[in-house]
Structures are given as C-alpha cells and as structure tokens.
Amino acid sequence: MGTTSFLTRAQRLLRIRNQLVRECLAEVLATFVMMTITLASAAQKIAFFETKGNLITSYLGGALGVMAGIYTAGGISGAHMNPAFSLAMCLIEQFPWWKFPIFVVVQILGSFISAGAVYILYYDAIWHHSNGTLTVTGPQETASIFATYPADFVSIGNGFLDQVIGTGVLIIVVMGIMDPRNKPVPKGLEPVVVALLVLSIECSMGANCGCPLNPARDIGPRLFTYLAGWGPEVFRWVEGRGARWG
C-alpha cells in the first residue's frame, strides 16, 4: 500500500502537462532510440567482424531503428526524427512552422546523445580497432561508425544529388503511406512499412554516401566525434579518402 502511494505521488510530481515539452521529450527519445540502434549496428562490425564489408548489418540496424523510434513516440510527437520530414510536414501545412526549429534542435540532440551512448557501449572495441588513435581516414578509422562519409569516387556535387534523391524518395513514399485517400497500410503496421522503405533505399542507394537520408542522423553524431577526439577532419570532404560504411 505504501509503495503504491509513493509511486502515485511520484507520477503526479513527474507528470509533464505542457504539450510542447512532452512532444520535445518524445522526439528526443524517439531519435535516441532510432540512432542508438543504427549506430550500434555499425559499431558491431568493428567489435565482432573487424571488417567494413558487412553493410547489411548497418542497413538492417538503420531500418529497424526507424521502426523502433516510430513505435516509441509516434503517438506523442509524430516521431519525425528527421528535419527533412519536419520540413515536408510544414510545407503541406500539417506541422506549424514555429515548431520546426525546435524539432530540428531536439532531433540533433537525440542523435548526439545516442552517439555518446554507443561510444560508451563500444568504447573498448573502438580503441582496440583504432590502436589508440581516433582517425577519420585509413584502415583503422572509426569515425564512420557515427557519421556517414563519401566513397572514394564521389564528388561534392554527386554527394549532394545523392542525398536529395534518396531523401526525396523517402519523403514521397512516407507521405503516400500517411495519405488516407491512398492505398491504406493496416493500422499499427505503418512503422514496419516505413522500415522496409528505409531498408530498400539503403540497399539501392547506399553506395555513394552511406545513405543517411536525415540531417539530424549525421550532424548530431558528427558533432559528437568532433568533440570526443576525432577532431575537425570529421567536417572535411576529401575525395579519395576511402570507402565508407553508413
């Protein structure tokens, strides 16, 4: 009885009534869940495979991470988890413009926190693989666990176009899934269908830049690597720096 009473009082004290705060916390949590699964799946290639060849691990992790994120907070914030999606929702007047910069910040924050969590989770594996030096290039690099980098043949222009097309396909199909006048997806299975969409885009368009499809997915972890010791090179585009894995 005493325990129940204590839990009830704690719930009342911790209950957040402000709708914007609730949505922001939900968006941070959804992005954190999505990104932790995504980045951890990339880190496993260092921890267990010691190779950059097993791309399907990252692709599956990214797709399943999106699904988990939508199920985590889709009913509260909409689980945008992506500034490009938030922008699209604003353009079709399904999301207020004044919330857009707020959601962008919290999405980047969620990605940044998830990068820190994965760094801690695979700390020993990262330092073992890198031989004690955190680098962005070379056979012992580990920066591409966290952010995506271009393959050695990709120019800036081609990389930009790659992301415009990939993100455009993602947004167009998601909008189609959301449209009640379109062919409906069984209720409750929307996150599964979106995950399959993400997986299909990654498998077909991931060769150039790792297929981030999401500014927050890349900016937050890239900021983390900059602060954690990889240095300013994480923000430099160097053609021919070596093939990457997303």
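Checking side-chain atoms of Tyr71 against main-chain N and O of Gly188 turns up a donor-acceptor pair under 3.5 Å. Asn208 places no side-chain N or O within donor-acceptor distance of the main-chain N or O of Val154, the cut-off being under 3.5 Å. Judged by distance alone, with hydrogens and angles left aside, the side-chain atoms of Gln140 form a donor-acceptor pair with the main-chain N or O of His129 at under 3.5 Å. Between the side chain of Arg22 and the backbone N or O of Ser77 there is no donor-acceptor pair closer than 3.5 Å. Here the side chain of Glu190 pairs no donor or acceptor atom with the backbone of Met178 at under 3.5 angstrom. Between the side chain of Gln163 and the main chain of Leu213, a donor-acceptor pair closer than 3.5 Å is present. Checked by atom type and distance alone, the side chain of Asn182 never pairs as donor or acceptor with a backbone atom of Ile177 at under 3.5 Å.
Side-chain contact check for Ser41 versus Tyr59: every heavy-atom pair is 4.5 Å or farther apart. Between Ile37 and Phe32, the closest side-chain pair of non-hydrogen atoms is not below 4.5 Å. Proximity of Ile126 to Phe146: side-chain heavy atoms (C-beta onward) are separated by under 4.5 Å at one or more points. You'll find the side chain of Arg217 stays beyond 4.5 Å of the side chain of Asn82, heavy atoms only. Put simply, the side chain of Leu199 reaches to within 4.5 Å of the side chain of Leu60, judged on heavy atoms. Contact of the Val106 side chain with the Thr31 side chain is not registered, since no non-hydrogen atoms from C-beta on lie closer than 4.5 Å. The side-chain heavy atoms of Ser130 and Thr135, taken from C-beta on, include no pair separated by under 4.5 Å. Contact annotation: the side chain of Ser111 never approaches that of Ile219 to less than 4.5 Å [non-hydrogen atoms, C-beta and beyond].
Of all heavy-atom pairs between Ala207 and Ala151, the closest is O-CB, 3.7 Å. The shortest non-hydrogen separation linking Thr148 to Cys209 is CB-O, 3.1 Å. Contact record, Ala63 with Val198: CA-CG1, 4.1 Å, taken as the closest heavy-atom pair. Between Val118 and Ala40 the shortest heavy-atom distance is CG2-N, 3.9 Å. Shown here for Gly65 and Thr38, the closest heavy-atom pair between the two residues is CA-OG1, 4.5 Å. When all heavy atoms of Pro221 and Ala216 are compared, the pair lying nearest together is CD-O, 3.7 Å.
Under the 4.5 Å side-chain heavy-atom criterion for Ile, Leu, Val, Met, Phe, Trp and Tyr, Ile120 and Ile113 are members of distinct hydrophobic clusters. Tracing side-chain contacts under 4.5 Å through hydrophobic residues (I, L, V, M, F, W, Y), one reaches Leu91 starting from Met81; they form part of the same cluster. Residue Leu39 is grouped with residue Leu227 when hydrophobic side chains (ILVMFWY) are merged at heavy-atom distances under 4.5 angstrom, including chains of intermediate members. The hydrophobic cluster containing Ile76 does not contain Phe85, counting ILVMFWY residues as joined when their side-chain heavy atoms lie under 4.5 angstrom apart, directly or transitively. Taken together through direct or relayed side-chain contacts under 4.5 Å among Ile, Leu, Val, Met, Phe, Trp and Tyr, Leu87 and Leu109 form parts of separate hydrophobic clusters.
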*Tell me, with the steps shown, if Ser86 and Gln107 meet side-chain contact (heavy atoms from CB on, under 4.5 Å).*
CA-CA 10 Å; Ser86 297; Gln107 288 158 4; 3.1 Å; yes

*asked:* Evaluate His80 against Glu23 for side-chain contact (heavy atoms from CB on, under 4.5 Å), listing each step before the verdict.
replied: CA-CA 11 Å; His80 294 193; Glu23 290 177 0; over 6 Å; no

*When you look at Met34 and Thr72, which way does the side-chain contact (heavy atoms from CB on, under 4.5 Å) test go after all the steps?*
CA-CA 9 Å; Met34 175 189 73; Thr72 297; over 6 Å; no

*Check against side-chain contact (heavy atoms from CB on, under 4.5 Å), Val136 and Phe235*: CA-CA 10 Å; Val136 181; Phe235 292 109; over 6 Å; no

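Sparse packing is recorded around OH of Tyr226, with 12 or fewer heavy atoms of other residues, nucleotides or ligands lying under 6.0 Å away. For Gln19, the CD atom sits in a packed shell: over 12 heavy atoms of surrounding residues, nucleotides or ligands are nearer than 6.0 Å.
By the 30° and 60° cut-offs, the orientation of the rings of Trp127 relative to Tyr123 is tilted. Taking the six-membered ring where tryptophan is involved, the planes of Trp230 and Phe224 are tilted, since the angle between them lies from 30° to 60°.
In this structure, CE on Met67 lies 9.0 Å from CG on Leu196, to the nearest 0.5 angstrom. Atoms OG1 and CG, on Thr137 and Asp152 in that order, are 12.5 Å from each other to the nearest 0.5 Å. Rounded to the nearest 0.5 angstrom, Leu29 CG and Cys24 SG are separated by 13.0 Å. Taken to the nearest 0.5 Å, the CD atom of Glu27 stands 11.5 Å off from the CG atom of Leu20.
Checking Ser58 against Gln44 by side-chain atom types alone, no donor-acceptor pair falls below 3.5 Å.
The side-chain tip of Arg222 points at the ring of Tyr149 from less than 6.0 angstrom away and within 45° of straight on.
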